[in-house]
Chemist: 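Okay, handing you the structure first.
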Number of protein chains: 2
Amino acid sequence: MAAAGCAASSIGSDRAEEPWVRPDKPRRPTVADVAQRAGTSTAVVSYVLNDGPRPVSESTRSRVLAAIDELAYRPSRSARTLRSRHSQFIGLVMPGTIDPYYVELSLPIEQAAARRGHLVMIANSDFDPAQEVAITSALIDEGVPGIAIAGLGASPSLARLIEASDVRVVFVHHRPEGYTGPLVAVDDRRWARHAVEHLIGHGHTRIACLGHHDDDGPVGARVSGWRDALSAAGLAHGDELIIRSGVDRLSASAAAEHWLKERADVTAVFAATDELAFGLMHRAGVLGIAIPSELAVFGFDGVSAAATSVPELSTIVEPFADIGERVAALLFEERDDPKDHQLECRPVYRASCGCR
Amino acid sequence: MAAAGCAASSIGSDRAEEPWVRPDKPRRPTVADVAQRAGTSTAVVSYVLNDGPRPVSESTRSRVLAAIDELAYRPSRSARTLRSRHSQFIGLVMPGTIDPYYVELSLPIEQAAARRGHLVMIANSDFDPAQEVAITSALIDEGVPGIAIAGLGASPSLARLIEASDVRVVFVHHRPEGYTGPLVAVDDRRWARHAVEHLIGHGHTRIACLGHHDDDGPVGARVSGWRDALSAAGLAHGDELIIRSGVDRLSASAAAEHWLKERADVTAVFAATDELAFGLMHRAGVLGIAIPSELAVFGFDGVSAAATSVPELSTIVEPFADIGERVAALLFEERDDPKDHQLECRPVYRASCGCR
DNA sequence: CTGTTAGCGCATTCAG
DNA sequence: CTGAATGCGCTAACAG
């Protein structure tokens, strides 16, 4: 960056400014400027700004306020951060935005933070482990007082870094091995079971499971829930009815392609995430397989797009708003921190499972 | 990302307790600690860290490096920002994430910035004008050297604020009235016309247009392109074939509901954004209207979900990667700034228009 | 009630 | 080649 100071050869300026500062732009006003204009000291300005810690007389206060207004003064956040050792920003570490689930998750967290007067800095690792470490440490170095982590691989070095610093960390949706800190999540296993039991209720007996390779995380738990439901109903079959795909709908669609052609006897699929369900429904559409009459589908996540897919997707809706609020509460308020905060989901039955 | 709270706009700040201070944690090491351990001065540590501006002997350098390593020292970003007057972060102002278009747009910008060693702070205004001002000024106060603005209403006060500060600003997709700064966008009008001409090529003569209320921005230009194509083909009809909706697919679906029941003679729709097209296709699905045989649909944006919708959506694909790269180039590099950078789109013909 | 002043951690200039 | 010293803008002791 560094705009060029073209008038570098200063003839004899009374105040030799740094050459990289644009000469036409006036320096931003500081507390000192405000103090001078208000005829007070910088301390008083600070007291007015922060409404404390010492009282200020009404007359002085209004003089300071006037000066602030006239100079269009705005405090420097970085100076404040340096001094107070904590930035006004909260960090939010996300694995990526390919899956709208994470986008959906971020919004209420932002809003809950905003309600408390904090901005959220989203750091997107784009599913890259190296980036995860880089952005998380950047956040810490920036001085954020807290970080919400919505997706991260197990990384001992990162865990150590977090441990060594004094940031508060809250995990959302999943806490990988090796980390400590409260987790805000849902009972993936139980609700997955609920979804599959619903499909069984529709009369299906051969129910496949579409998941990706994340056996330790929420997806793994959802796959377990699928097994639970089948076992309980005496329908247990082997893992040959598990379809493995990548995390995004495109790879789910590709994974479904081979599979849909050979699985004539399967009449329903539980998709471990809505994103995967979308990929499956896409492939079914291309192959001319009718949903739900030829193949029933049930998702998990409850992203808003599930309400407008063709056909509309039945799914387990996560309480995004509650999650955001709880995360913010853990980040900002002094609260007992039981390790796991489990929030309630809500099933929504739409067309894709055969309910409509 | 980042939503600004009301407190972001207020000058003063809440003097909250700081529950996150953990007294048991040792203070983070500073340059002074490193210098002491390496047996040098802080200046030398700085020289090593920044590889200049003065040379350092190989032996001293390695001693410093060793000390940094042993202490697990990491420089404080806020101190650096305060000192250098510029943060390491780039700001990205987004109107919201309801429409995946903006999510799609943000990713390549992030990546292009990351390639240059910068992280991006996403500020999400959530389509709220007050938030726009709040978050943008928060970004400026934070000391970011540049801001990419992907969505913003016309706001004289904000324009003045930007003008008064020395941030570089680049507009993406749209530059509202009253602002100055380079714009990176596409030729909305011409490509919209292309899309409609494609529909005409399929034999359609009554082609509707689905848009939202943004007549000055890109959507307005796309509606104009729709008119252009019809006029040129001698098919001009009045604005009664314009369907007005909100920005998201849910409201597009609602807007389409009334309309689809009466549209008997209309056989094709040009949707000004993919998001609107998704809403339309959803409603068509619910009403049992077959796409494309009963109603052809063409979108605009080229979000990745268009490739997996049911049916797959024909659309004008914006060059997201090029846009991101160009934005970063304008933000970081010294470059001539012609006002408008127009990038090329690419039409993709899928099932929804009748091509497959 | 208000003014003075010492740092926060870092980068950089000026002496050595 | 290196070290001491000076702020960046702000907050909060510590004096009045």
Side-chain angles (χ1 to χ4, degrees), chain A residues 2 15-21 27-36 38-64 68 71 73-88 140-143 145 165-166, chain B residues 11-16 18 21 27-36 38-64 68 71 73-88 140-143 145 165-166:
Chain A
R15 279 202 300 153
E17 294 290 358
E18 297 96 321
W20 56 80
V21 189
R27 206 171 71 347
R28 272 181 76 128
T30 74
V31 267
D33 298 319
V34 174
Q36 186 178 0
T40 83
S41 77
T42 61
V44 174
V45 176
S46 176
Y47 299 153
V48 171
L49 244 36
N50 305 324
D51 202 25
R54 322 278 312 165
V56 177
S57 74
E58 216 26 78
S59 64
T60 329
R61 152 171 274 113
S62 55
R63 264 180 18 248
V64 169
I68 287 177
L71 296 173
Y73 165 78
R74 322 208 87 239
S76 149
R77 294 243 188 181
S78 45
R80 212 174 241 188
T81 299
L82 178 60
R83 180 60 224 226
S84 65
R85 316 188 61 90
H86 283 301
S87 114
Q88 290 295 112
I140 293 174
D141 299 342
E142 188 69 21
S165 73
D166 64 346
Chain B
I11 296 289
S13 102
D14 32 323
R15 164 122 282 78
E18 301 196 359
V21 285
R27 204 172 81 324
R28 274 181 74 128
T30 74
V31 269
D33 299 319
V34 174
Q36 186 178 2
T40 89
S41 78
T42 61
V44 175
V45 176
S46 174
Y47 299 154
V48 171
L49 244 36
N50 306 325
D51 203 24
R54 324 267 324 162
V56 176
S57 73
E58 215 27 79
S59 64
T60 328
R61 152 171 274 113
S62 57
R63 271 191 358 261
V64 170
I68 287 177
L71 295 173
Y73 164 78
R74 325 207 84 236
S76 148
R77 294 247 188 180
S78 45
R80 209 172 246 191
T81 299
L82 178 61
R83 175 62 217 211
S84 65
R85 319 190 59 89
H86 283 304
S87 118
Q88 291 295 112
I140 293 174
D141 298 342
E142 188 68 20
S165 73
D166 64 346

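Heavy-atom basis, side chains included; hydrogens, waters and symmetry copies ignored. Naming convention: chains lettered A, B, ... in sequence-line order (proteins, then strands); numbering from 1 in each chain. The model shown is predicted, which means the values in this text are computed figures rather than measured ones.
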Chemist: Rounded to whole Å, please give me the gap between CD1 in A/Ile68 and C1' in D/dG9.
Modeler: 14 Å
Chemist: Whole Å only: how far is the CZ atom of A/Arg80 from the P atom of D/dC8?
Modeler: 18 Å
Chemist: Between B/Gln36 (CD) and D/dG3 (C1'), how many Å, whole number?
Modeler: 15 Å
Chemist: How long is the line joining CG of A/Asp51 and C1' of D/dA12, in whole Å?
Modeler: 15 Å
Chemist: Base, sugar-phosphate, or nothing: which does A/Val45 touch, judged by heavy atoms less than 4.0 Å apart?
Modeler: nothing
Chemist: Between A/Thr81 and D/dC10, does any side-chain N or O lie under 4.0 Å from OP1 or OP2?
Modeler: no
Chemist: Between B/His86 and B/Asp166, is any pair of side-chain heavy atoms under 4.5 Å apart?
Modeler: yes
Chemist: Looking at A/Arg54, does any N or O in its side chain come under 4.0 Å of the phosphate oxygens OP1/OP2 on D/dA12?
Modeler: no
Chemist: Nearest-Å distance, CG (A/Leu49) to C1' (D/dT11)?
Modeler: 10 Å
Chemist: Whole Å only: how far is the CD atom of B/Glu142 from the P atom of D/dC8?
Modeler: 19 Å
Chemist: Looking only at the side chain of A/Ser76 (C-beta and beyond, no hydrogens), which of the listed nucleotides D/dC10, C/dC10, C/dT13 gets closest?
Modeler: D/dC10
Chemist: Is B/Arg61 close to B/Asp51 at the side-chain level, that is, under 4.5 Å between some pair of heavy atoms?
Modeler: yes
Chemist: Just how far is it from atom OH of A/Tyr73 to atom CG of A/Leu49, taken to the nearest 0.5 Å?
Modeler: 5.0 Å
Chemist: Whole-Å distance between C/dG9 P and B/Tyr73 OH?
Modeler: 10 Å
Chemist: Base, sugar-phosphate, or nothing: which does A/Thr40 touch, judged by heavy atoms less than 4.0 Å apart?
Modeler: sugar-phosphate
Chemist: Going by the rule side chain to side chain donor-acceptor pair (under 3.5 Å), which residues pair with B/Ser76 if we only count those two or more places apart in sequence or in a different chain?
Modeler: B/Ser78
Chemist: Give me the distances for all protein-to-nucleotides 4-8 of chain C N/O pairs that come in under 3.5 Å?
Modeler:
residue, atom, partner, partner atom, Å
C/dT5, O4, A/Thr42, OG1, 3.3
C/dG7, N2, A/Arg83, NH1, 2.5
C/dG7, N3, A/Arg83, NH1, 3.4
C/dC8, O3', A/Arg85, NH1, 3.0

Chemist: Any heavy-atom pair between the side chains of A/Asn50 and A/Arg80 that's under 4.5 Å?
Modeler: yes
Chemist: Can you work out whether A/Ala32 or B/Thr60 has the more 5'-proximal nearest nucleotide on DNA chain D?
Modeler: B/Thr60
Chemist: Holding to salt bridge (charged side-chain N to carboxylate O under 4.0 Å, His left out), I want the full list of residues that pass it with A/Asp141, two or more places apart in sequence or in another chain.
Modeler: B/Arg28, B/Arg74
Chemist: Over all strands shown, is B/Gly143 touching base, sugar-phosphate only, or nothing at heavy-atom distances under 4.0 angstrom?
Modeler: nothing
Chemist: In whole Å, I'd like the distance from the CG atom of B/Asp166 to the C1' atom of D/dC8.
Modeler: 14 Å
Chemist: Is it the case that atom CD in B/Gln88 sees more than 12 heavy atoms from other parts of the structure closer than 6.0 Å?
Modeler: yes
